[in-house]
Amino acid sequence: MKPYIVEEFSNGILLFTINRPEKRNAVNYEIMDGLEHALNLANNKKVKVFAITGAGDLAFCSGGDLSAFHCLRTEDEAFEMLNRMSDLLVKLFYLQKPTVALLNGTAVGGGCELASACDFRIARKNVKAGFIQGTLAITTGWGGGTFVSEKLLPANAMKMLMEASLYDTKQLEDLGFVQMIADGDLLESSKHFLEKMLRLDVNVLKAYKMMFINKWEKAGLKERVKEEVRRCSELWEDEAHHKQVAKFLGIK
Ligand SMILES: CC[C@H](C(=O)O)C(=O)SCCNC(=O)CCNC(=O)[C@H](O)C(C)(C)COP(=O)(O)OP(=O)(O)OC[C@H]1O[C@@H](n2cnc3c(N)ncnc32)[C@H](O)[C@@H]1OP(=O)(O)O
């Protein structure tokens, strides 16, 4: 089974699907390579909106693949992986067209960071999401803390990060994290959400997105993401983190 799927629709939506439902769409290096490939395709002027979703109906993305990354023990080893994914999420954040995360299921940890790198989040009714990294004795490490602090009211962003909890769709909507709760098919609901944008020329969408990109550039966003990655790498090395990951993986 291919670990990811890239589909271009005639209405201008390019859809990237993480296709590892058996691992709750956890992100490993293959998925990172796939995301990089899809982001390169998204620069084509035929693409008006870039969308991301997960295969199956249980998880959008469960964050970093703990079995793949459990072997990363030191700050530097962690930084290399975290930096690779954070560079990709910055590229997604700065994509010069609208981006949308279609939350087909649970978005936890890095999965919530992936969703926060998009301009919009549309969720199915029974979805839960949260930055649970704190329960693993680390912080966000792919840029999600920086992204969400740009997207939500400061108190709501800090609440989501510091509570390290899962929220339901009503809570996510109240926090301003989710812009629409889908009633029925997620892709159809997203087309309804996007239909007014999709009728505009891609250059108009690009010009408006540049207004936000310029603001983020002036706010030192890329440097703040690098600091976030470094802070997470430092915590990653601590025994407290390795112990929590081993517990999840059932390793004594
Ligand atoms: C900076 C980002 C940072 C990083 O590490 O890079 C993070 O993302 S930290 C957060 C890492 N993610 C997690 O801690 C989430 C772990 N997963 C879960 O909490 C649950 O699996 C959940 C809530 C996503 C779904 O629960 P559900 O009961 O539906 O499924 P299972 O727990 O039974 O899992 C099924 C199957 O998938 C494997 N799995 C799930 N998540 C991951 C993951 N993140 N990495 C690797 N494998 C994962 C799980 O082990 C099961 O595999 P199986 O072989 O069937 O036992």
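Atoms within a ligand are numbered from 1 in the order they appear, just like the ligands themselves. Treat the numbers as computed from the prediction; the structure is a model and nothing was measured.
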Asks: Which of the atoms of ligand 1 are close to L82, meaning less than 4.0 Å from one of its heavy atoms?
Replies: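 Heavy-atom distances to L82 below 4.0 Å select 1 (C).
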Asks: Taking all heavy atoms of A117 and all of L92, pick out the closest pair and write down the distance.
Replies: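 Looking at all heavy atoms of both residues, the closest pair is CB-CD2, 3.7 Å.
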Asks: Indicate, as side chain, backbone, both or neither, the part of S62 found under 4.0 angstrom from ligand 1 when only non-hydrogen atoms are considered.
Replies: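 Both the backbone and the side chain of S62 come within reach of ligand 1.
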Asks: Establish, yes or no, whether the cationic atom of R121 lies under 6.0 Å from the six-membered ring centre of F177 and within 45° of the ring axis.
Replies: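 The answer is yes; both the distance and angle limits are met.
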Asks: Please determine if K23 has a nitrogen or oxygen closer than 3.5 Å to a nitrogen or oxygen of ligand 1.
Replies: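 Yes, K23 has an N/O under 3.5 Å of an N/O on ligand 1.
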Asks: Tell me, yes or no, whether the heavy-atom count around E163 atom CD, taken from other residues, nucleotides or ligands under 6.0 Å, exceeds 12.
Replies: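 Above 12, so yes.
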Asks: Just to confirm my output: which protein heavy-atom neighbour is closest to atom 19 (O) of ligand 1, and how far is it?
Replies: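 In this structure, atom 19 (O) of ligand 1 has F248 CE1, 4.2 Å as its nearest protein heavy atom.
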Asks: May I ask whether atom 28 (O) of ligand 1 is less than 4.0 Å from at least one protein heavy atom?
Replies: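 Flag for atom 28 (O) of ligand 1 set to false, no protein heavy atom closer than 4.0 Å.
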Asks: Which atoms of ligand 1 sit under 4.0 Å from any heavy atom of E113?
Replies: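 This gives 1 (C), 2 (C) as the contact atoms.
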Asks: Would you call K97 and D119 a salt bridge, taking side-chain N to carboxylate O under 4.0 Å as the test?
Replies: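 Salt bridge absent between K97 and D119.
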Asks: Who's the nearest protein heavy-atom neighbour of atom 23 (C) of ligand 1, and how far?
Replies: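 Scanning the protein heavy atoms, the shortest distance from atom 23 (C) of ligand 1 goes to T106 CG2, 4.4 Å.
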Asks: With a 4.0 Å heavy-atom cut-off (strictly under), which part of M81 contacts ligand 1: side chain, backbone, both or neither?
Replies: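 Only the side chain of M81 comes within reach of ligand 1.
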Asks: Quiz question for you: does at least one protein heavy atom lie closer than 4.0 Å to atom 2 (C) of ligand 1?
Replies: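 When distances to the protein are checked, atom 2 (C) of ligand 1 has a heavy atom within 4.0 Å.
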Asks: Taking heavy atoms and a distance under 4.0 Å, where does T140 meet ligand 1: side chain, backbone, both or neither?
Replies: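 No part of T140 comes within reach of ligand 1.
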Asks: Under 6.0 Å from the CG atom of D183, do we count more than 12 heavy atoms belonging to anything else shown?
Replies: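 Atom CG in D183 is not packed in, count stays at 12 or less.
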Asks: Under 4.0 Å from ligand 1, counting heavy atoms only, is it the side chain of L249, its backbone, both or neither?
Replies: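 No part of L249 comes within reach of ligand 1.
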Asks: When rounded to the nearest 0.5 angstrom, what distance separates CD1 in I138 from CD in E234?
Replies: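 One finds 13.0 Å between CD1 of I138 and CD of E234.
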Asks: Please determine if C232 has a nitrogen or oxygen closer than 3.5 Å to a nitrogen or oxygen of ligand 1.
Replies: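 No, since none of the N or O atoms of C232 sits under 3.5 Å from an N or O of ligand 1.
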Asks: Of the side chain and backbone of V108, name the one, both, or neither that has a heavy atom under 4.0 Å from an atom of ligand 1.
Replies: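 The answer is the side chain.
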Asks: Using heavy atoms and a threshold below 4.0 Å, how should the contact between L136 and ligand 1 be classified: side chain, backbone, both, or neither?
Replies: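 For L136, the contact with ligand 1 is made by the side chain alone.
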Asks: Under 4.0 Å from atom 55 (O) of ligand 1, is there any protein heavy atom?
Replies: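 Given the 4.0 Å cut-off, atom 55 (O) of ligand 1 does not count as touching protein heavy atoms.
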Asks: With K91 as the cation and F93 as the aromatic partner, state whether NZ or CZ is under 6.0 Å from the six-membered ring centre and within 45° of the axis.
Replies: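 Pair K91/F93 does not count as cation-pi.
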Asks: Check whether NZ of the Lys or CZ of the Arg K191 lies under 6.0 Å from the centre of the six-membered ring of F9 and within 45 degrees of that ring's axis.
Replies: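 Satisfied, under 6.0 Å and within 45°.
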Asks: May I ask which of S67, A59, A164, G64 has a heavy atom nearer to atom 44 (N) of ligand 1 than the others do?
Replies: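 Looking at heavy atoms only, the winner is G64.
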Asks: Which of the atoms of ligand 1 are close to G141, meaning less than 4.0 Å from one of its heavy atoms?
Replies: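 Reading through ligand 1 atom by atom, the close ones are 1 (C).
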Asks: A quick test of your reading: do over 12 heavy atoms of other residues, nucleotides or ligands sit less than 6.0 Å from NZ of K206?
Replies: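 Incorrect, the count does not exceed 12.
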Asks: Search all heavy atoms of A164 against all heavy atoms of T135 and return the closest pair with its distance.
Replies: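 Taking A164 first and T135 second, the nearest heavy atoms are O-CG2, 3.6 Å.
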Asks: Can you find a non-hydrogen atom of E22 under 4.0 Å from ligand 1?
Replies: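 Per 4.0 Å heavy-atom rule, E22 contacts ligand 1.
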Asks: Need the ligand 1 atom indices (1-based, order shown) with element for anything under 4.0 Å from a heavy-atom of G110.
Replies: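 Ligand 1 atoms under the 4.0 Å threshold to G110: 2 (C), 7 (C), 8 (O).
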Asks: Would you say atom 8 (O) of ligand 1 touches the protein, meaning some protein heavy atom is under 4.0 Å from it?
Replies: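 Yes, there is one.
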Asks: Which ligand 1 atoms does G63 reach within 4.0 Å, using its non-hydrogen atoms?
Replies: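 Those of ligand 1 that fall under 4.0 Å from G63 are 8 (O).
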Asks: F69 and Y29: aromatic ring centres closer than 6.0 Å?
Replies: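 Ring centres of Y29 and F69 closer than 6.0 Å.
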Asks: Which heavy atom of I13 sits nearest a heavy atom of A51, and at what distance?
Replies: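 Residues I13 and A51, closest heavy atoms: CG2-CB, 4.1 Å.
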Asks: Around atom CZ of F193, are there more than 12 heavy atoms from other residues, nucleotides or ligands closer than 6.0 Å?
Replies: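 Enclosed: over 12 neighbouring heavy atoms sit under 6.0 Å from CZ of F193.
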Asks: For atom 22 (C) of ligand 1, which protein heavy atom lies nearest, and how many Å away is it?
Replies: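 Answer for atom 22 (C) of ligand 1: R24 CG, 4.6 Å.
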Asks: Heavy-atom distances under 4.0 Å are what count here, so tell me which part of W236 touches ligand 1: side chain, backbone, both or neither.
Replies: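 Looking at W236 and ligand 1, just side chain atoms fall under 4.0 Å.
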Asks: Please determine if K226 and D87 form a salt bridge, counting it only when a charged side-chain N lies under 4.0 Å from a carboxylate O.
Replies: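 D87 and K226: salt-bridged.
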Asks: Looking at ligand 1, would I132 count as a contact under a 4.0 Å heavy-atom criterion?
Replies: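 Contact present.
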Asks: Once salt bridge (Lys or Arg N to Asp or Glu O under 4.0 Å) is applied, do any residues pair with K243, and if so which ones, sequence neighbours excluded?
Replies: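 Applying salt bridge (Lys or Arg N to Asp or Glu O under 4.0 Å) to K243 gives none.
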Asks: In terms of residue, atom name and distance, what is the protein heavy atom nearest to atom 45 (N) of ligand 1?
Replies: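 Scanning the protein heavy atoms, the shortest distance from atom 45 (N) of ligand 1 goes to L66 N, 2.9 Å.
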